[in-house]
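The structure under discussion appears below in the form of C-alpha cells.
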Amino acid sequence: QPVNEQTGSHGGDHQAGSGQRQGRRQVFAQQFGVHIDGSVENQCRQQHIHNQIVIQTQPLQAGELRTFGEKPGKQNADGDQADGVGNFQFSKNNGGNNMDFRITEEQELMVQAIEEAMTRENLEPYFQDCDKNHTHPEKWWEILKELGCFSMFLPEEAEGEDGEPGGGEGAVTMFLVMEALGRCGAPIYLFWDHVKADALLENGTKEQIDKFMPLFFKGNGAFAQGFSEPTAGTELSSNTILTTYTRRNGKVYINGHKHFISGAQDNDYCLTLAKNSENPEQLTLWFVPTNVPGCKKEPMEKMGLNMENVNDIWFDDVEIEESDMFSFEGNGLMATSKGFDYERLIDAFNAYGQALCAYEDACRYANQRIVKGQEIGRLQLIQNHIMEMTMKIEAMRNMLLHYAWNKDNNCLTRAEASIAKQFCSESANDIADHALQVMGGIGYCGSRVSRIYRDLRITRISGGTGEIQTVIASRQVLKKYK
C-alpha cells in the first residue's frame with residue numbers, strides 16, 4: 001500500500017477489510033440459517049425482487065455510452081444513443097448489458113438482522129421516552145454497535161484501537177441500512193457521523209487520525225463541526241464568518257460564536273471554521289476543545305430532533321496549539337467540501353427512511369380503521385392520499401439507489417446530490433402530511449407519525465436549504481444547454 005505523504009500512514013490492508021466483510025456475512029448467515037458459499041443463490045433475493053432497477057451509465061465523453069461491465073464506446077450494444085441527466089443515461093430499449101440493483105445475499109442478511117433486532121427489542125416506547133425527555137437513544141445505539149453498523153461504513157484504511165479495519169461499505173449499502181432502520185421508526189437522523197472519517201483520513205495529521213478515528217468505530221461522533229454562525233449559514237465566506245484565530249506567544253486563540261452545532265454536548269472537540277485576524281481572507285479549520293475555560297455550550301430549543309442536541313457555542317480566547325490545525329492554512333472551506341455532497345445524499349436517505357415509516361403506518365391504519373362498516377382504505381379520497389404517497393416513495397427509492405451507485409463509483413455530481421436532497425426533503429414532508437391526514441386524530445396525538453412529521457421539517461433547511469439546492473442544481477443543468 002502507498003504511504004500517505006501528508007499523514008505518513010499506510011492505506012490499510014484491503015484483504016483484512018474483505019475478510020471482515022466475509023466474517024460479518026457468515027455471522028448473519030448463521031443467525032438466519034442461510035447457507036452461503038461462492039455461488040450466487042436467490043433464496044434471499046426472491047423476497048426483495050422489487051429492488052431491481054435497470055439502468056445504464058452516461059458517457060464520460062460526448063456521444064459515448066458505457067454500460068456496467070462494458071468498455072467505453074460511442075453507443076450501446078444495439079446501436080442506440082441514450083437520453084438522461086447527470087452521470088446516468090437511461091437506455092431507449094432493454095437491450096445490452098444492463099446493471100441491476102437486486103441486493104446481494106450479504107445485504108439481505110444485514111437488513112434481516114436489523115429488522116429482527118428492532119422487532120425483538122420493541123423500541124418504539126423507548127423512542128417515545130427519549131423524544132419526550134430529549135435524550136440520546138443509548139439502547140438503540142448499542143444495538144447498532146453490536147450489528148457492526150458503525151465500523152461497517154468507515155473506509156477500509158481506517159483503523160480502530162485494536163487495529164480493526166473499516167468495513168468499506170458504500171452508499172448503496174448505507175441506503176439499505178437507513179431504509180431498514182427508518183422503516184422501523186428509528187431516529188436515523190442521528191446516523192451520519194462516519195461521513196467525517198473520509199475528510200479526516202485525507203487531511204488530518206497522523207496524530208489527529210490516531211486520536212479521533214477510533215472514536216468512530218465506537219459510534220462516537222469524535223468531534224462536532226462548527227461552520228454555521230448567526231451571520232453565516234448557507235453562505236460561508238470571509239465576509240460572513242466572524243469567528244477568528246489569533247497567534248500570540250506561540251499559541252493560537254479562538255474567539256467567536258458558532259450556531260446550530262449538532263452533537264456539541266456529547267463531544268470534547270469542535271472542528272471550527274475561523275478566519276485569520278491578521279489576514280481575514282484566510283479561512284482555516286481548527287480542532288478546538290469545548291470542555292475548557294473560555295468555551296460555553298448551550299443547547300437550543302427545537303421543533304423536532306429531540307434525540308439530538310443542537311447548540312450555540314461561544315469561544316472566549318480559547319487556547320490551542322498550531323498542531324490543532326486541520327489541513328493547511330486557508331484551506332478551511334475545501335478541506336471538507338468533498339463530504340458535503342455525500343452528506344446531502346445521506347440527508348436524502350434520512351428523509352426517505354422516515355417518510356417510509358409514516359407511509360407504511362398510514363397504509364396499515366387505512367386497512368384497519370372501520371367507518372360505517374368498511375375500512376377507510378376503501379374510500380376514494382383516502383386512496384388519493386395513498387396514491388400520492390406511493391408515487392413519491394417509489395420515485396425517491398429509485399432516485400436514491402441510482403445516485404448511491406454513482407457515489408460508489410466515484411461519479412456522483414454536486415448537482416445530483418442537490419437534486420436528491422431537494423426532491424426527497426420536499427417529498428418526505430408531503431408524505432408525512434398525507435400520512436397524518438389519513439390517520440387523523442390518532443396520527444396527531446402521540447403516534448410516531450407526529451414525531452416524524454416534526455423531525456422531517458428540518459430536512460428542507462439543514463445541510464443547505466431547498467432554495468440553495470435549487471440554485472446549485474439549476475446552474476449545472478443550464479450549463480449543459482449553452
Side-chain angles (χ1 to χ4, degrees), residues 1-2 11-12 14 17-18 21 40 45 51-77 81-91 94 96-108 110 152-158 165-179 192 194-195 197-199 201-202 337-349 352 396-421 423-424 472-473 476-477 480:
Q1 294 285 345
H14 178 78
S18 300
R21 289 197 301 275
V40 177
R45 293 182 180 181
N51 289 325
Q52 182 177 12
I53 299 174
V54 180
I55 57 179
Q56 291 183 308
T57 55
Q58 183 186 0
L60 298 180
Q61 299 177 358
E64 173 185 288
L65 178 65
R66 182 178 298 182
T67 59
F68 185 72
E70 184 181 55
K71 293 182 179 180
K74 292 298 180 182
Q75 54 191 13
N76 64 17
Q81 296 298 324
D83 299 316
V85 177
N87 278 345
F88 269 65
Q89 297 273 4
F90 289 82
S91 176
N94 292 323
N97 290 325
N98 294 320
M99 61 178 288
D100 66 61
F101 282 134
R102 284 175 291 187
I103 66 178
T104 66
E105 288 91 348
E106 181 182 355
Q107 289 169 333
E108 174 65 21
M110 180 177 58
M152 186 184 302
F153 298 104
L154 295 173
E156 290 184 351
E157 58 267 33
E169 295 290 347
V172 170
T173 302
M174 179 67 177
F175 169 80
L176 295 171
V177 167
M178 293 191 75
E179 180 182 48
W192 68 276
H194 64 275
V195 175
D198 290 325
L201 279 174
E202 183 175 351
S337 62
K338 289 182 181 179
F340 286 162
D341 293 337
Y342 192 24
E343 281 187 37
R344 287 169 177 166
L345 188 61
I346 290 178
D347 284 342
F349 294 172
Y352 163 77
M396 282 195 289
R397 192 174 201 277
N398 292 347
M399 171 186 283
L400 292 177
L401 279 169
H402 168 178
Y403 289 169
W405 187 92
N406 279 10
K407 173 64 174 68
D408 288 345
N409 288 273
N410 299 314
C411 55
L412 177 73
T413 68
R414 179 149 296 176
E416 288 171 340
S418 293
I419 290 168
K421 185 182 184 302
F423 179 73
C424 291
I472 293 170
Q476 298 302 313
V477 171
K480 297 194 305 182

With a 4.5 Å heavy-atom cut-off, do [X] and [Y] have their side chains touching?
| X | Y | value |
| --- | --- | --- |
| Glu157 | Leu201 | yes |
| Thr173 | Glu106 | no |
| Phe349 | Trp192 | no |

Interatomic distance, [X] atom [atom1] to [Y] atom [atom2] [nearest 0.5 angstrom]:
| X | Y | atom1 | atom2 | result |
| --- | --- | --- | --- | --- |
| Arg344 | Arg414 | CZ | CZ | 6.5 Å |
| Glu156 | Glu169 | CD | CD | 8.5 Å |
| Met110 | Leu176 | CE | CG | 6.0 Å |
| Ile103 | Leu401 | CD1 | CG | 9.5 Å |
| Tyr342 | His194 | OH | NE2 | 4.5 Å |
| Met396 | Phe175 | CE | CZ | 9.0 Å |

Heavy-atom closest contact (Ala473 atom, Ile419 atom, distance):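 Heavy atoms of Ala473 and Ile419 come nearest at CB-CG1, 3.8 Å.
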
Which residues pass the side chain to side chain contact (heavy atoms under 4.5 Å, CB included) test with Asp408, sequence neighbours left out?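 Asp408: side chain to side chain contact (heavy atoms under 4.5 Å, CB included) contacts with Ala171, Val172.
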
Ala420: what forms a side chain to side chain contact (heavy atoms under 4.5 Å, CB included) with it, not counting sequence neighbours?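 By the side chain to side chain contact (heavy atoms under 4.5 Å, CB included) rule, Ala420 matches Leu345, Ala348, Met399, Leu400, Tyr403.
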
May I ask you to say whether Glu179 pairs ionically with Arg397, meaning some side-chain N is under 4.0 Å from a carboxylate O?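 Arg397 and Glu179: salt-bridged.
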
